[in-house]
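Bear in mind the structure is a predicted one, so any value in this text is a computation, not a measurement. As the structure lists them, so they are numbered: ligands from 1, and atoms in each ligand from 1.
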Amino acid sequence: MHETAIAYEIIEIVIAVAKQNRAKRVNQVYIQAGQLRGIVPEQLQMSWEFVVKGSIADKSELYVETIPTEGLCQNCNKTFPVKNYEFKCPYCGSGQVDTVKGLELQVKSMELEFED
Ligand SMILES: [Zn+2]
């Protein structure tokens, strides 16, 4: 289950940012995950509950936004949505396609709590 590895990756970033900002707690975390990462949001959320235990992000909520896959045709230079992993340009039929979206894995924002 690679969701656990991803959850560990995210929690590391989250704790680093929270410390930098001298936050007391992390309440919510919003991430963007590219479709090609093959993340199952429900599984990632389950892993999240496990990896945050005992940290300042304990009991925080994780929100996953899936970014659809987008290709860029090397032949005609157009971008298009990639469906069903079909990396073929719908404009010119070329199979030489770069992935421009769909591989993201980033923390978009988080809600921190500070000492008053
Ligand atoms: Zn093309």
Side-chain angles (χ1 to χ4, degrees):
M1 209 168 98
H2 78 309
E3 275 82 2
T4 308
I6 290 164
Y8 274 117
E9 225 177 288
I10 299 164
I11 188 69
E12 245 179 69
I13 298 165
V14 166
I15 288 176
V17 172
K19 277 185 181 162
Q20 266 171 22
N21 290 285
R22 295 171 201 282
K24 191 179 71 177
R25 281 195 53 77
V26 178
N27 290 329
Q28 285 166 349
V29 177
Y30 295 85
I31 68 155
Q32 287 183 319
Q35 195 183 22
L36 293 173
R37 291 265 178 180
I39 292 168
V40 181
E42 294 76 29
Q43 273 182 12
L44 186 57
Q45 260 141 7
M46 272 163 56
S47 300
W48 183 251
E49 280 174 35
F50 172 74
V51 302
V52 295
K53 276 204 181 100
S55 76
I56 56 169
D58 201 353
K59 295 193 172 61
S60 64
E61 285 178 87
L62 182 73
Y63 296 91
V64 184
E65 184 195 340
T66 305
I67 309 291
T69 312
E70 212 175 279
L72 169 69
C73 178
Q74 287 179 9
N75 186 46
C76 71
N77 226 22
K78 283 182 175 148
T79 56
F80 54 91
V82 175
K83 284 179 186 128
N84 305 318
Y85 299 93
E86 243 186 273
F87 287 88
K88 196 176 174 194
C89 177
Y91 301 101
C92 72
S94 169
Q96 292 212 293
V97 174
D98 286 335
T99 305
V100 285
K101 276 186 191 167
L103 288 167
E104 298 83 353
L105 181 63
Q106 57 201 30
V107 177
K108 195 180 161 202
S109 64
M110 54 183 98
E111 201 192 284
L112 303 171
E113 203 178 296
F114 300 92
E115 230 133 10
D116 31 38

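Taking CE of Met110 as the reference point, atom NZ of Lys108 lies at 13.0 Å (rounded to 0.5 Å).
For Arg25 (side chain) and Asp58 (main-chain N/O), a donor-acceptor pair under 3.5 Å exists by modelled atom type. Under the 3.5 Å distance criterion, the side-chain polar atoms of Glu104 are matched with a main-chain donor or acceptor of Gly102.
Ring planes of Tyr30 and Tyr63: parallel class, angle under 30° (limits at 30 and 60°).
Annotation: protein N, O or S atoms under 2.8 Å of the Zn ion (ligand 1) (waters excluded) comprise Cys73 SG, Cys76 SG, Cys89 SG, Cys92 SG.
By the neighbour-count criterion of 12 heavy atoms within 6.0 Å, atom CD of Gln106 is densely surrounded, having more than that number from other residues, nucleotides or ligands.
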Below 3.5 Å, can you tabulate the donor-acceptor pairs from side chains in residues 69-89 to any protein atom, sequence neighbours excluded?
{"unit_1": "Thr69", "atom_1": "OG1", "unit_2": "Gln35", "atom_2": "OE1", "d": "2.7"}
{"unit_1": "Gln74", "atom_1": "NE2", "unit_2": "Asp98", "atom_2": "OD1", "d": "2.7"}
{"unit_1": "Gln74", "atom_1": "NE2", "unit_2": "Asp98", "atom_2": "OD2", "d": "3.4"}

